2 protein chains.
Amino acid sequence: MSVTINDVARLSGVSKRTVSRVINCSPAVGEATRERVLEIIKETGFSPDKQARGLASSRSYLLGLIYDNPDALYIDQVQRGALSVCAELGYELVVHPGSSKHEDFIDDCLRFISRSKLDGVIILPPVSENKALAAALREAQCPYVRLASVDLDDADNIVVSDERAAMRDMASHLVELGHTDIGFISGPQHFRSSTERLAGFLAELQVYNVQLPDSRIVEGKNNYESGLMCAQTLLDTPNRPTAIVANNDEMAAAALRVASNLNIKVPDELSVAGFDDNILASRIIPSLTTIRRPVYNMACLAVQKLINKSRATKEKLPLQKTVTPTLVKRESTGQCSE
Amino acid sequence: MSVTINDVARLSGVSKRTVSRVINCSPAVGEATRERVLEIIKETGFSPDKQARGLASSRSYLLGLIYDNPDALYIDQVQRGALSVCAELGYELVVHPGSSKHEDFIDDCLRFISRSKLDGVIILPPVSENKALAAALREAQCPYVRLASVDLDDADNIVVSDERAAMRDMASHLVELGHTDIGFISGPQHFRSSTERLAGFLAELQVYNVQLPDSRIVEGKNNYESGLMCAQTLLDTPNRPTAIVANNDEMAAAALRVASNLNIKVPDELSVAGFDDNILASRIIPSLTTIRRPVYNMACLAVQKLINKSRATKEKLPLQKTVTPTLVKRESTGQCSE
DNA sequence: TTGTAAGCGTTATCAA
DNA sequence: TTGATAACGCTTACAA
């Protein structure tokens, strides 16, 4: 029914081996021959069978996406970014949301990979910080690229967003609005992304000679509920900060909620900022000052790096390692009133 | 390196054909033989190669997910639901966000399917309403299941959420709060989901003998920006409704924003409701009364239906066609003050 | 530069 | 109930 390599070979009067060479862009084909074959391929609409190809060459033209984070918006952008590059190169994307807490997680990922002989995987934060997973993938010889906030792997294996720098911008934004007493709702400190963001923020405050006592830093779990509790701690006291920065938009939204409950006006009496720029940030009232990572582009880079690995050394594209998030200023931060 | 069917055959002293029968659960295998083979399979950790299997049997064990809607939350839930069933049955999920506006869209989907010889696809709204796509899939003999708000296909090919009924609940919720002058921000009327929701809403109002003049119904585009304009039309006038219902949460959020700009208190002076129960709905202030579809379960059902199609008639599971969304009451709707 | 022949790991045909 | 043997559509030694 559908056109095979044999049909193309017959029609163009060459061997299937030559057709194979053409579709694989082998240089060892005469110009005339190549053109004739390409002609026939176009005429017949031939498209090589992935399974057969994979069976013969042990490749699948399938890339995997491993993640745990339930931040749907982020994931959707990653998928679209990754697919934009996949489409050009004939790869497909197979998704694998897992639960990194599960003891079986790493084996589960390895099975996922071997089941479909994936040509490589992209790993999203926070799973991307998992050293054991990365080690297991290296051992299994599975190409991978991690998206992360810290430089924790070779340039070939990672796309880093410089969140430390982004949080410096956030700090200077607030200080320049006059804030010197700032509360910080951090993420879990066992995540590098959390420590990184906090470190960047504190480092920039230093520059302005602003101190942040430990009592102003409370650790959340990156979800709404924990954000509520942390914000409550920071705000439900006469001695409250004039600004709150949260490790992500979910917790910043929680801070807005607590402020609303306590009848504290944002931004007049309190500034609030988040991190992620998810859909919430632009829709919530007041809209949220936050930090946006170039997620789509990071995913593009990741796929390119993955595919680079299967190229000959001289054909490798030079690809950047680090991308820069940007500060998005909105309604929730304003001049300090005190 | 990895164990193949030949190894299993040799080790268990039978032909590979017999091993094949065992792994495919053919009844034509002696009990003793079957057990011996299963034993060896367990010992060796043999797992049949998908590509080889697919090449020989023209199946891929790959399901596709086709969508256009950029509602990320919804899509993430669908993916997780679908995968929960896929995992049990050894299928993987390949994603394909497209743009249904593109003239090439249907061909693009067909190529997507044939490229990887997908065993079936799930189509999400609003693309799921596309008749031409469904027809093309039938012609291409590609099994599909549509997730939709209206019963527009055979029970085997669709999972319907009864949005008409859900909107009846919404209407009665508002009427019982005392609202009789209600504004409705509809979705594009060329979508069945839009007409269906509006129809359900109006039908229930009839029951209460409440009239909705045409001027109270404005058509949005299901996005935030159009929601802003529609809400402005309805609210920025002395003669404004006491409640606004929007076709989705994005536009309801826009209504909240416009109300905030016009200094109209929600829910004291105005009730607002949406549809979707996306992350926005629970985080925004005031939190949004809305309707939640059992998206995860719908996706589970869709995969089961897809796989049912490749089963023998007598092994087919009976699967429901319709699911029921639920009304989620939150802060944004309250007693009518007039 | 091109072709021949042997796989890749399954399932399918047909006979025993 | 079983088993040889031939596909499936492609890539890859190895020759020529």
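A, B, ... follow the sequence lines: proteins, then strands. Residue 1 opens every chain. Owing to the predicted nature of the structure, the values given are computational and were not obtained by experimental measurement.
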Return yes if a side-chain donor-acceptor contact under 3.5 Å exists between A:Asn24 and A:Arg53, otherwise no.
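There is such a pair between these side chains.
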Can you tell me how far C1' of C:dG9 sits from NZ of A:Lys117, to the nearest Å?
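Those two atoms, NZ and C1', are 8 Å apart.
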Can you measure A:Asp49 atom CG to C:dT10 atom P for me and round it to whole angstrom units?
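Going from A:Asp49 (CG) to C:dT10 (P), I get 17 Å.
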For [X], what residues pass the ring-ring contact (aromatic ring centres under 6.0 Å, His included) criterion, not counting sequence neighbours?
X	answer
B:Phe112	B:His96
A:Tyr61	A:Tyr91
A:Phe105	none

To the nearest 10°, give me the bend of the helix from C:dT1-D:dA16 to C:dA16-D:dT1, comparing the axes of its five terminal pairs at either end.
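If I round to tens, the end axes sit 30° apart.
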Any side-chain heavy atom of B:Lys321 sitting closer than 4.5 Å to one from B:Val159?
no
Could you check whether any side-chain heavy atom of A:Tyr144 comes within less than 4.5 Å of a side-chain heavy atom of A:Ile66, counting everything from C-beta outward?
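Not in contact.
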Note: contacts of residues 19-44 of chain A with DNA chain C (heavy atom, under 4.0 Å) are A:Arg21, A:Ala28, A:Val29, A:Gly30, A:Thr33
Residue list, side-chain contact (heavy atoms from CB on, under 4.5 Å) with [X], at least two apart or on another chain:
X	answer
B:Ser116	A:Lys50, A:Glu92, B:Leu62, B:Leu118
B:Ala82	B:Leu93, B:Ile122, B:Ala299, B:Val303
A:Ala32	none
B:Ser149	B:Glu129, B:Glu163, B:Ser193

From the list B:Asp156, B:Val145, B:Leu317, side chain to side chain contact (heavy atoms under 4.5 Å, CB included) partner of B:Asn308 resolves to B:Leu317
Which part of the nucleic acid, if any, lies within contact of A:Arg17, taking any heavy atom under 4.0 Å across all strands shown: a base, the sugar-phosphate backbone alone, or nothing?
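Contact class for A:Arg17: base.
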Segment of DNA chain D, first to last nucleotide, that comes within the 4.0 Å heavy-atom reach of chain A:
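For DNA chain D, the relevant span reads D:dG9 to D:dA13.
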Got a sec, which pairs hit side chain to side chain donor-acceptor pair (under 3.5 Å) with one end in residues 33-48 of chain A, sequence neighbours left out?
none
Please list, pair by pair, any protein nitrogen or oxygen found under 3.5 Å from a nitrogen or oxygen in nucleotides 6-8 of chain C.
residue	atom	partner	partner atom	Å
C:dC8	O2	A:Ala56	N	3.3

Do the charged groups of B:Asp104 and B:Arg111 touch, with an N to O distance under 4.0 Å?
yes
